[in-house]
Amino acid sequence: MASTAGDGGSAPPQTAKVEAASAPEPPPRGPDVMPHEECLSGIRAALNHPTVRFLRERMDQAGCPVWPLLIRAATCAESSGGYASKHGIKVCCNQMRFQDQINQVLIHELIHAYDDCVVKNVDWKNCGQHACSEIRANHLSGDCHYKRELLKGFMKIRGHEPECVKRRSLASVKQNPFCSEAAAKDAIEAVWDICYNDTRPFDRAP
């Protein structure tokens, strides 16, 4: 999740690159939010999720091991998670309600981390590069699976997945302080074909 990814996010430290944040989600009601200790346990459990393990293995092979200490619990205004170069992954525990959400945040953000690794430091200030990683993260993470879309109130079945990927990617990229909404839209359209069809490190979209 480079924060500016992926669904909301905060301004990074001056020494850090722009963060990729998850697309903003409707805030959960207080009683529905997972207790912090349960969220910490959920993060530890998510490290054993098959897709999380696969991504960590591929990053290790690429020379970018993801140590558990690089994954931290955080409190965020809107986003569900984020990734920043040299700072690692954050899971926004005050937005978590279910284990599946934690799993999804880690998968999404690990795809950003993978991109940062194999591209040798993505320029998150570049709208096109940020858009490409958001497209890949939203497409390959399963964030846009139709069941998840239905739960959020998006009822379209045919063609829902690419539409969802574009919607979520735009929500993330336009939070980048270096990308206006118009620039974010243009960037997504410019890189769409090549980035949507780039399924690395998977053989095909899961």
Side-chain angles (χ1 to χ4, degrees), residues 1-23 33-125 129-130 132-143 172 175-176 198-203 206:
M1 98 194 153
S3 289
T4 66
D7 294 339
S10 56
Q14 291 297 313
T15 55
K17 295 184 182 296
V18 174
E19 183 180 316
S22 307
V33 175
M34 184 181 291
H36 191 76
E37 287 302 318
E38 186 177 338
C39 179
L40 291 174
S41 296
I43 293 171
R44 289 190 288 269
L47 294 175
N48 291 317
H49 186 282
T51 306
V52 171
R53 289 207 317 265
F54 172 82
L55 287 166
R56 290 180 67 199
E57 288 168 2
R58 291 303 181 274
M59 287 191 65
D60 191 54
Q61 292 171 9
C64 304
V66 180
W67 306 109
L69 286 176
L70 293 174
I71 302 169
R72 63 187 177 88
T75 298
C76 314
E78 290 183 320
S79 67
S80 56
Y83 166 79
S85 296
K86 302 178 177 66
H87 287 261
I89 290 168
K90 67 179 180 183
V91 177
C92 300
C93 284
N94 62 314
Q95 304 290 336
M96 299 294 103
R97 288 175 289 181
F98 312 110
Q99 181 65 44
D100 179 68
Q101 288 178 295
I102 297 175
N103 297 343
Q104 285 303 117
V105 167
L106 277 187
I107 293 167
H108 181 111
E109 303 308 335
L110 280 168
I111 293 168
H112 285 312
Y114 175 86
D115 288 349
D116 210 22
C117 173
V118 299
V119 175
K120 303 305 178 191
N121 296 316
V122 173
D123 180 1
W124 299 108
K125 297 178 183 178
Q129 290 188 37
H130 186 183
C132 187
S133 191
E134 292 296 348
I135 290 167
R136 282 175 33 77
N138 283 295
H139 178 43
L140 300 176
S141 67
D143 286 337
S172 295
Q175 293 182 63
N176 186 328
D198 181 358
T199 63
R200 295 174 299 165
F202 303 98
D203 293 332

For the pair [X] (side chain) and [Y] (backbone), establish whether a donor and an acceptor sit closer than 3.5 Å, ignoring hydrogens and angles.
X    : Y    : result
Q101 : R97  : yes
Q129 : V122 : no
R72  : K90  : no
N176 : K125 : no
R136 : D198 : yes

Are any non-hydrogen side-chain atoms of [X] and [Y] less than 4.5 angstrom apart?
X    : Y    : answer
Q95  : V105 : no
I111 : L55  : yes
T51  : P206 : no
H36  : M96  : no
Q104 : I107 : yes

Please give me the minimum heavy-atom distance between [X] and [Y], naming the atom from each residue.
X    : Y    : value
F54  : P201 : CZ-O, 3.4 Å
N94  : A74  : OD1-O, 3.8 Å
D60  : P65  : OD1-CB, 3.4 Å
R53  : N48  : NH1-O, 2.6 Å
A46  : L106 : CB-CD1, 3.4 Å
H108 : N138 : CE1-OD1, 3.4 Å

Can you tell me how far apart [atom1] ([X]) and [atom2] ([Y]) are? Round to the nearest 0.5 Å.
X    : Y    : atom1 : atom2 : result
M59  : D115 : CE    : CG    : 9.5 Å
L40  : I71  : CG    : CD1   : 12.0 Å
L110 : L70  : CG    : CG    : 10.0 Å

Check whether the side chains of R44 and S41 place a donor and an acceptor atom closer than 3.5 Å, and report yes or no.
yes
For a quick check under 3.5 Å, do D116 and S85 share a side-chain donor-acceptor pair by atom type?
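A pair is found: one side chain offers a donor N or O, the other an acceptor, under 3.5 Å apart.
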In terms of ring plane angle, is the pair H112 and H130 parallel, tilted or perpendicular, where the classes change at 30° and 60°?
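Ring orientation of H112 relative to H130: perpendicular.
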